[in-house]
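One structure is given here, and the rest of the page talks about it.
Proteins get letters first, then strands, A, B, ... in listed order; numbering begins at 1 in each.
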Amino acid sequence: MDDLYREIIIEHYKNPGFRGELDPNDYTYEDENPVCGDHIRVDIRVNDSGIVTEAKYSGHGCAISQASADLLMEAIIGKKVEDVKKLTKQDVLDLLGIELGAVRLKCALLPLKVVKAGVYGVGKESELSDLD
Amino acid sequence: MDDLYREIIIEHYKNPGFRGELDPNDYTYEDENPVCGDHIRVDIRVNDSGIVTEAKYSGHGCAISQASADLLMEAIIGKKVEDVKKLTKQDVLDLLGIELGAVRLKCALLPLKVVKAGVYGVGKESELSDLD
Amino acid sequence: MSVDFSKYKQDFPILSREVHPGKKLIYLDSTASTQKPQIVLDAMDDYYHRHNANIHRGVYTISEEATELYENARAKVARFIHAPSARSIVFTRNTTESINLVAFTWGRKNLKENDLVLLTELEHHSNIVPWQILVQEKKIRIEFIPVLPDGILDMNAYKNLLEKKPKLVAFAHMSNVLGTITPVKEMTTLAHQVGAIVLIDGAQSVPHLPVDIQDIDAEFLAFSAHKMCGPTGIGALYGKFDLLNEMPPFLGGGDMIRKVTFEGFSTNDVPAKFEAGTPAIAEAVGFGAAIDYLSSIGMEEIAKHEQEIALYGLRRLEESGGIKVIGPHNQRGGVLAFDMSGIHPHDVAQILDSEGIAVRAGHHCAQPLHIKFGLPATTRASFYLYNSKEDVDSLIKGLDKVKMMFD
Amino acid sequence: MSVDFSKYKQDFPILSREVHPGKKLIYLDSTASTQKPQIVLDAMDDYYHRHNANIHRGVYTISEEATELYENARAKVARFIHAPSARSIVFTRNTTESINLVAFTWGRKNLKENDLVLLTELEHHSNIVPWQILVQEKKIRIEFIPVLPDGILDMNAYKNLLEKKPKLVAFAHMSNVLGTITPVKEMTTLAHQVGAIVLIDGAQSVPHLPVDIQDIDAEFLAFSAHKMCGPTGIGALYGKFDLLNEMPPFLGGGDMIRKVTFEGFSTNDVPAKFEAGTPAIAEAVGFGAAIDYLSSIGMEEIAKHEQEIALYGLRRLEESGGIKVIGPHNQRGGVLAFDMSGIHPHDVAQILDSEGIAVRAGHHCAQPLHIKFGLPATTRASFYLYNSKEDVDSLIKGLDKVKMMFD
Ligand SMILES: Cc1ncc(COP(=O)(O)O)c(C=O)c1O
Ligand SMILES: Cc1ncc(COP(=O)(O)O)c(C=O)c1O
């Protein structure tokens, strides 16, 4: 448990580095976790070489989803969009450094789900199904 | 069990005294047991003083329902219609001389239900409910 | 003389489980589903060990026994809510199916375009969505009786809404979030004065309060066994017999018919008409045993016990600082939903879990109510006969830990 | 090498009960409902003793465990019928509800006036009445694929009927009266050629035969846990994922929604979309345990064992005189329905009961089939893995007693 609320999570939750919105942006998407109503929006800017230059998230949620979002923004900046598409559940768990039960996993993965839906364009359910 | 198939039941089943139909008649009714599809029709003639002079049953069913019908016809002949209306579940069980579980009880009581529905006229559910 | 409830805890084997090393389960989520006393599990085991068979059509001994056990359970349910007869009780899967049954049968037959259904703002999704489906299908209209800031229904608004002549008024007897106990009898009488039918969602009241449905006089009452010490997989719908009798059937299949030919079917008598297919037989037996168990303690006593814990919990939570409990301050059931500003309910619940304390976090299937209160989610602690004031003390200690971590 | 089935009998505690003094239960009614092995009851007890909590929305330990147990059961059901994914499995109460779910959702959306649904003459009421309800509601048409005198479907007639371009073909994989095993794969292929959707009533096949739904390729498959060593109160519907995805929801309420506001709702993902309210959680756990049990023995082996008993029983009944078994002589499941001329099935069953033998008497929820065969009712003996040839011998002895009494 105290594992679950590792300092890094509480820290990113309390002092986020990437909260906010970007307007204009190149990719934007928002979604929520039906279990708890947590809501996340992500805005992304990329440069001509398809590299993420800026990323911000907004919305509300638990420490795990918010820390996950903050860590994820940090992680994708500087990455190629093509590489962002390849990010997996495990990558997020590695960022957080914790293991999670099924319910909280949804919290942790919501930001990645939103990012992927954003860069793929909406509705590519099949490509996102590995997040469930 | 051998109690259940007392000689009197097997006897009335095999050698019924009151099988048949009456046409014309004063009361006639038929119904079935939805559990098994057993079907009983009863025809009754009464005289001017309201006394049952003839009664016959037809249809098909198990030994218990058929014996019950045969015994019941025998019992109501000579009775006033008003007294027939008063017959109860216990009266039928006394005729049969057995005790029965819920499912077979429906077999035993089907003839009485048909007789009562006949003399009351259809649809007097409330007056018949003591048979359930 | 008040009953000593501490002795009942030992009837529930799960309550001696350690969920984490050294942390015994402190179960504060009975509003979602209650724990089961051993006696209920024994009743089901005995059924499977001695009497298990399909019912109604079996001539052999164990099938007759199973039929009798099943129908006895129905009679127990009827007596428990003071229904006039067992024929008024339909077994369903849960409260949700009970309400849907009414929407699919009574509703589809009697509601037409523009007909008004009144609900309240504190309803569980189970008493909202079935009616919204009828909005889509038949263009009926729904209006919501407002909840005042203190969690009480706005009775003046209700009276005004009744002037629009609703066909149906459907509402929870107790809110699963606010703990509000609604004035069911008064509301029913008022609804009847304008000719409306009344459906009561008793998911939270039947398990926790004495309920006399004939006194309330509502047409329908829905509830679930799993919220009242009974098994999952079974619930009940009470309906006034004459209404049930006139309603079209629900699902089609075995047992609900009188006769089937290639050309068509005729329906069986109430309540069989609404119970298509093999029902939850063992679960009915467990439901009956749960009712015996609750009755042996007494619903008045249970309600009093829970009320005491709830009021104690309310006071302790408010004293502890930084916590806002929603809902009324008196006349409430044993449900305490609260907000800790800045700390998400999921985090609260997860940290409490590490202490063995089970509470719910989320919108508790009452999203519209949460929208109304401006909270996406709350943390909810709820109590039943096996809880005690010590459980509240543990909760408060756990919440202190939560605050510390997020400080 | 064939498996020795006699050892499995001891897994079923009820089979050592004496129903009358000195008369042990000889259970020959598994087609109606099967007995449960101790291991299934233990799984449910363990659930209630250690993990019981409402699922999906709980953040605390036992709720996460309960969720996992519930979803694992779904995965087991999927694997058992070789479904491509657990997402294709919806939990229902029983076969009847599974079929009704399709009629209420897929049917109401896709069938319109004059659309044709093909059934067969050997269907159980559960696969007739839901479609007759749609005849009343939407004026669809039903035609029945005939059964030949030997209990086999008339495949030529089927092919002719297909030329009328039915929208749906729905039929039992195994008849619960005749024991007929229908050529599901061939029938599905033929139906698909004319663009029809196929629903298979697997109530009798999934418990008794190896079933590979991807190989058969039907769109829907319905079955019940209580007929396959599992508890009452739970069943399943398999559906092709894309179809399930497009279907409107069934019942409205908690868990089937993504979001609810005062204005409306949006639905959750498949299969949650079809599971409104608290599901039969303990029963799902028991269902999973039943599947583990059956798999540990092997469905091929079970089918072979039953076939052997059925063919032995068929021969003994026909040799015994005065008894006519209906249904095919080979390629049949372990169901023997028969007529004893002049003796009513109720009397037969009741006298057998006095010997501890449980058989069913009646129309077995297949009235139209009985009308077709000119029999108001039959007596039915059916077998499962815990039966043996000695049970058949006891049956024959019991029937001799019946004949003697009515002689
Ligand atoms: C072929 C068939 N279909 C459907 C059913 C109905 O099953 P349930 O009562 O579990 O819904 C049965 C059960 O007798 C059956 O044999
Ligand atoms: C007020 C209320 N109504 C309905 C329900 C739904 O009950 P079930 O899930 O047993 O159908 C609940 C359960 O949370 C409830 O609290």
Side-chain angles (χ1 to χ4, degrees), chain C residues 13-14 17 19 32-33 35-36 41 45 48-50 52-54 57-62 93-94 96-97 100 125-126 128-130 132-133 144 224 226 231-234 251-254 257 260-262 264-265 276-278 280-283 346 349-350 353 358 360-362 365 367-368 371, chain D residues 13-14 17 19 32-33 35-36 41 45 48-50 52-54 57-62 93-94 96-97 100 125-126 128-130 132-133 144 224 226 231-234 251-254 257 260-262 264-265 276-278 280-283 346 349-350 353 358 360-362 365 367-368 371:
Chain C
I14 200 172
R17 174 176 169 192
V19 282
S33 198
Q35 298 305 335
K36 323 302 173 199
L41 307 182
D45 267 342
Y48 282 126
H49 280 155
R50 297 185 47 79
N52 176 65
N54 216 325
R57 288 162 191 280
V59 172
Y60 53 87
T61 304
I62 60 171
R93 180 171 35 244
N94 50 29
T96 304
E97 194 189 25
N100 277 273
H125 294 165
S126 292
I128 301 176
V129 181
Q132 290 181 334
I133 291 177
F144 292 88
S224 301
H226 73 94
T232 52
I234 193 161
L251 308 185
I257 55 91
V260 180
T261 65
F262 290 118
F265 68 95
T278 305
I281 309 170
E283 291 72 17
H346 267 188
Q350 184 104 40
D353 178 61
R360 231 135 271 210
C365 295
Q367 254 182 326
I371 294 169
Chain D
I14 201 173
R17 175 179 167 188
V19 280
S33 198
Q35 297 306 335
K36 324 300 174 199
L41 306 182
D45 267 342
Y48 281 127
H49 280 155
R50 297 186 46 80
N52 175 66
N54 215 325
R57 288 161 192 281
V59 172
Y60 52 88
T61 304
I62 60 170
R93 179 170 36 245
N94 49 29
T96 303
E97 194 188 24
N100 277 274
H125 294 165
S126 293
I128 301 177
V129 181
Q132 288 181 335
I133 291 177
F144 291 88
S224 301
H226 72 94
T232 52
I234 192 159
L251 308 184
I257 55 90
V260 180
T261 66
F262 290 118
F265 68 94
T278 305
I281 309 170
E283 291 72 18
H346 267 188
Q350 185 104 39
D353 178 61
R360 211 125 280 233
C365 293
Q367 254 183 324
I371 294 170

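- Across D:Ala349, D:Pro13, D:Ser224, D:Ala53, the residue that shares the most heavy-atom pairs under 4.5 angstrom with chain C is D:Pro13.
- With a 4.5 angstrom heavy-atom cutoff, C:Tyr48 touches chain D via backbone and side-chain atoms both.
- In terms of heavy-atom pairs under 4.5 angstrom with chain D, the leader among C:Pro368, C:Ser33, C:Ala358, C:Ala32 is C:Pro368.
- In terms of heavy-atom pairs under 4.5 Å with chain C, the best-connected choice from D:Arg17, D:Lys36, D:His226, D:Arg93 is D:Arg17.
- Interface residue D:Phe144: only side-chain heavy atoms are found under 4.5 Å from chain C.
- Each of D:Ile62, D:Thr232, D:Asn54, D:Thr96 has some count of heavy-atom pairs under 4.5 Å with chain C, and the biggest count is that of D:Thr232.
- Shortest non-hydrogen contact noted between C:Gly254 and D:Ser126 is N-OG, 3.6 Å.
- Comparing C:Asn52, C:Ile128, C:Ile371 by heavy-atom pairs within less than 4.5 Å of chain D, the highest count is held by C:Asn52.
- Residue D:Gly253 comes nearest to D:Ala276 through the heavy atom pair N-CB, 4.0 Å, listed as atom of the first residue, atom of the second, then distance.
- For C:Asn100, the part lying near chain D is the side chain, with the backbone staying farther off; criterion is any non-hydrogen pair under 4.5 Å.
- Contact detail for C:Phe262 and D:Gln132: the closest heavy-atom pair is O-NE2, 3.5 Å.
- When each of C:Glu97, C:His49, C:Gln35 is checked for heavy-atom pairs under 4.5 Å with chain D, C:His49 comes out on top.
- Between the side chain of C:His125 and the main chain of C:Gln367, a donor-acceptor pair closer than 3.5 Å is present.
- Contacts of C:Ile133 with chain D are made by both backbone and side-chain atoms, with heavy-atom separations under 4.5 Å.
- The main-chain N or O of D:Pro231 is never found under 3.5 Å from a side-chain atom of C:Glu283 such that the two would form a donor-acceptor pair.
- Between chain C and the residues D:Asp45, D:Asn94, D:Val260, D:Ile234, the most heavy-atom pairs under 4.5 angstrom are made by D:Val260.
- Taking all atoms of both residues into account, the shortest heavy-atom contact from C:Gly233 to D:Ala280 is CA-CB, 3.8 Å.
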